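Inspection log for the structure reproduced underneath, given as structure tokens.
Residue numbers run from 1 in the order of the sequence given. Computed from a prediction, not measured in an experiment: that's the story for all the values here.
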Amino acid sequence: MWIRDNIKKLELTRPSGVTIGAFDGVHLGHQALIRGMVTGARSQGLLPLVITFDPLPGQVLQPDSYRLLSTLEERLILFESLDVEGLIVLPFNSALTQTTAGDFVRDLLDHAKLGGLWVGPDFKLGRDQGGNVDYLRRTGQRFGFGVHVFEGTVRWEGKPVSSSSIRRALSEGNIRETNGCLGYPFHLCGKIVHGSKRGRTLGFPTANLAVPGTRLLPANGVYICHAHLKSGTFDALTNIGTRPTFDNGVRTVEAYLLDFSEDIYGEPMQLDFLDRLRPEWRFDSVDDLIHQMTEDEASARLWLRQPDHSTRRHHPVCPKAH
């Protein structure tokens with residue numbers, strides 16, 4: 001999959017089929033739209049292209065509150081897994097927000113040789129969101145490109161899948177719903193850094209994951225995870241929170257890898273979240289905390305021994321965790 005940052009720099013040898021969106025998380029709904037575009041484009045002899053943004057609109061319009069379900073690097077790997085052949089990553093900035101729907105379509109026609117556009121029913125393009133589906137259909141009839149509207153609603157256990165529903169589930173620590181809507185395990189990627197080393201003194205040495213501040217975290221609590229390292233994939237217990245028994249400090253992501261003793265400081269790691277054991281609690285004593293952590297480990301091992309859990313190994317999507 002090739003990547004460009006400007007539509008006007010394209011030099012295509014054949015017409016393209018295009019879908020456009022933020023695609024934060026690349027969830028089941030996004031996947032259905034993209035797969036439909038890839039299949040439809042290839043059936044018409046078109047090059048399947050995705051146009052996305054970095055930063056995303058939410059990061060620019062809601063800078064204090066918007067956090068990413070997936071980084072750009074993670075989205076690239078997910079797009080490639082869907083057989084997208086070309087990706088255009090546009091910066092969402094003031095110049096882009098002032099581009100009219102007509103100018104955007106003209107660039108696609110002139111430089112991407114637009115042959116077909118795949119969109120959702122509520123899709124809007126350009127300044128003041130003037131390029132709705134009706135506008136695009138009229139324009140397509142005039143300039144000779146098809147507009148294909150994905151009319152279906154993708155559901156998980158009867159609920160419509162959306163980025164907002166995934167964000168809500170994560171805020172509640174509902175990993176089962178989160179993963180069901182994503183179609184893959186929610187994950188966090190980063191580098192392992194030194195922490196307070198308190199876990200080691202408690203008998204549960206942890207790997208502290210430095211997660212970008214732009215990334216959305218699940219609710220505070222203890223989670224069952226798979227940890228992807230360069231040396232392999234390992235079962236893990238991960239605590240997200242502020243360590244209320246000790247200092248109520250900054251939020252951290254700390255993974256205790258089961259049956260593991262290697263020195264991995266400085267290495268990249270991907271944590272796949274599989275289930276939530278409990279919220280984060282404050283304990284009256286360190287002994288009470290150690291007792292609970294021992295119970296957490298036993299519960300995690302029991303969960304992981306179940307046949308439908310122990311064999312699941314999601315392919316890493318962190319660029320450096322392969």
Would Glu295 and Arg278 satisfy salt bridge (Lys or Arg N to Asp or Glu O under 4.0 Å), going step by step from the backbone distance to the final call?
CA-CA 11 Å; Glu295 289 193 351; Arg278 61 173 176 85; over 6 Å; no

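- In this structure, Thr242 contributes its side chain and Arg251 its backbone to no donor-acceptor pair below 3.5 Å.
- Ile3 and Leu47 end up in different hydrophobic clusters when Ile, Leu, Val, Met, Phe, Trp and Tyr side chains are linked at under 4.5 Å.
- Counting only heavy atoms from C-beta outward, the side chains of Pro48 and Val84 never approach each other to under 4.5 Å.
- Within the 4.5 Å cutoff, side-chain heavy atoms of Leu87 are placed close to those of Leu76.
- Separating the CD atom in Gln270 from the NE2 atom in His226 is a distance of 11.5 Å, to the nearest 0.5 Å.
- Partners of Phe273 by ring-ring contact (aromatic ring centres under 6.0 Å, His included), not counting sequence neighbours, listed by chain and number: Phe186, Tyr223.
- A donor-acceptor contact shorter than 3.5 Å is absent between the side chain of Asn208 and the backbone of Ala210.
- A donor-acceptor contact shorter than 3.5 Å is absent between the side chain of Thr19 and the backbone of Ile34.
- Taking 4.5 Å as the limit, some side-chain heavy atom of Ile7 sits within range of a side-chain heavy atom of Phe104.
- A distance-only check finds a donor-acceptor pair linking the side chain of Lys113 to the backbone of Leu12 [under 3.5 Å].
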Does Asp259 form a salt bridge (Lys or Arg N to Asp or Glu O under 4.0 Å) with Arg301? I'd like the steps, not just the answer.
CA-CA 11 Å; Asp259 307 314; Arg301 289 183 184 277; 3.0 Å; yes

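- Tyr265 and Val193 sit in two unconnected hydrophobic clusters of ILVMFWY residues. Membership requires side-chain heavy atoms under 4.5 Å apart, directly or through other members.
- Of all the heavy atoms in Gly21 and Thr52, the pair that sits closest is O-OG1, 2.9 Å.
- Considering only heavy atoms from C-beta on, Thr71 stays 4.5 Å or farther from Cys189 through its side chain.
- For Tyr256, the ring-ring contact (aromatic ring centres under 6.0 Å, His included) partners are Phe204, not counting sequence neighbours.
- Scanning all heavy atoms of the two residues, the minimum distance from Gly17 to Leu46 falls at N-CB, 3.6 Å.
- When side chains are defined from C-beta on, Asp288 does not count as touching His291, because their heavy atoms never get closer than 4.5 Å.
- Interatomic distance, Asp296 CG to Ile224 CD1, rounded to the nearest 0.5 Å: 9.0 Å.
- Within the 4.5 Å cutoff, the side chain of Ser70 has heavy atoms near those of the Asp24 side chain.
- With a 6.0 Å radius and a threshold of 12 heavy atoms from other residues, nucleotides or ligands, Arg142 has its CZ atom at or below the threshold.
- Checking each of Arg167, Arg276, Arg168 against Glu177 for a salt bridge (charged side-chain N to carboxylate O under 4.0 Å, His left out) leaves exactly one that passes, namely Arg168.
- Closest of all the heavy-atom pairs between Glu172 and Ala219 is C-CB, 4.1 Å.
- Of all non-hydrogen atoms in Thr178 and Ala169, the two that sit nearest each other are OG1-CB, 3.4 Å.
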Would you sort out whether Thr206 and Asn239 count as a side chain to side chain contact (heavy atoms under 4.5 Å, CB included), showing the intermediate values?
CA-CA 9 Å; Thr206 58; Asn239 185 83; over 6 Å; no

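- Side chains of Pro15 and Gln44 form no contact here, defined as non-hydrogen atoms less than 4.5 Å apart.
- Contact check for Val18 versus Ile88: no side-chain heavy atoms found under the 4.5 Å cut-off.
- Remark: side-chain polar atoms of Ser43 are paired, donor with acceptor, to backbone N or O of Gly40 under 3.5 angstrom.
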Enumerate, atom names and distances included, each donor-acceptor pair closer than 3.5 Å involving a side-chain atom of residues 105-112, sequence neighbours excluded.
residue : atom : partner : partner atom : Å
Arg106  : NH1  : Asp103  : OD1          : 2.7

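- Using cut-offs of 30° and 60° for the angle between ring planes, the Phe92 and Phe53 rings count as perpendicular.
- Each of Phe23, Tyr184, Phe79 was checked for a side chain to side chain contact (heavy atoms under 4.5 Å, CB included) with Gln31, and the lone residue meeting it is Tyr184.
- Here the side chain of Asn93 pairs a donor or acceptor atom with the backbone of Ala95 at under 3.5 angstrom.
- At distances below 3.5 Å, at least one donor-acceptor pair connects side-chain atoms of Glu280 with backbone N or O atoms of Arg243.
- Ile166 is not connected to Tyr66 by any chain of hydrophobic side-chain contacts under 4.5 Å among Ile, Leu, Val, Met, Phe, Trp and Tyr, and they are in different clusters.
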